[in-house]
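Note sheet for the following structure.
Keep in mind it's a predicted model, so treat the numbers as computed, not measured. Just so you know, ligand 1 is whichever comes first in the structure, and atom 1 is the first atom listed for that ligand.
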Amino acid sequence: MQRQVSCECGYHAREDDEETLVRTVQRHVTDTHPELADQVTPDVIRGWIELVP
Ligand SMILES: [Zn+2]
């Protein structure tokens, strides 16, 4: 099972492990949605994770 996060802008990130995915999504938020970067903590990102086969 992989882990996926779908951003509201249409961006998808998919990784095998949760910590890598959290870092990837944090980088996306910082680059693309800097106004959200303060609110989007690792715990928030973990709440967005879906498991995909
Ligand atoms: Zn986005």
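A pairwise comparison of heavy atoms in V5 and I45 identifies CG2-O, 4.3 Å as the closest pair.
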>> The test is side-chain contact (heavy atoms from CB on, under 4.5 Å); show your working for I49 and E18 and say whether it passes.
In response: CA-CA 8 Å; I49 293 174; E18 185 173 298; 3.7 Å; yes
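Residues R3 and V52 fail the side-chain proximity criterion, which asks for heavy atoms closer than 4.5 Å.
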Considering only distance and modelled atom types, tabulate donor-acceptor pairs under 3.5 Å from the side chains of residues 37-44, sequence neighbours left out.
| unit_1 | atom_1 | unit_2 | atom_2 | d |
| --- | --- | --- | --- | --- |
| T41 | OG1 | V44 | N | 3.3 |
| D43 | OD1 | R46 | NH1 | 2.9 |

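Environment of CD in E8: sparse, with no more than 12 heavy atoms of neighbouring residues, nucleotides or ligands closer than 6.0 Å.
Using cut-offs of 30° and 60° on the angle between ring planes, the pair Y11 and H28 is parallel.
Counting only distances under 2.8 Å, and ignoring water, the protein N, O or S atoms around the Zn ion (ligand 1) are C7 SG, C9 SG, H28 NE2, H33 NE2.
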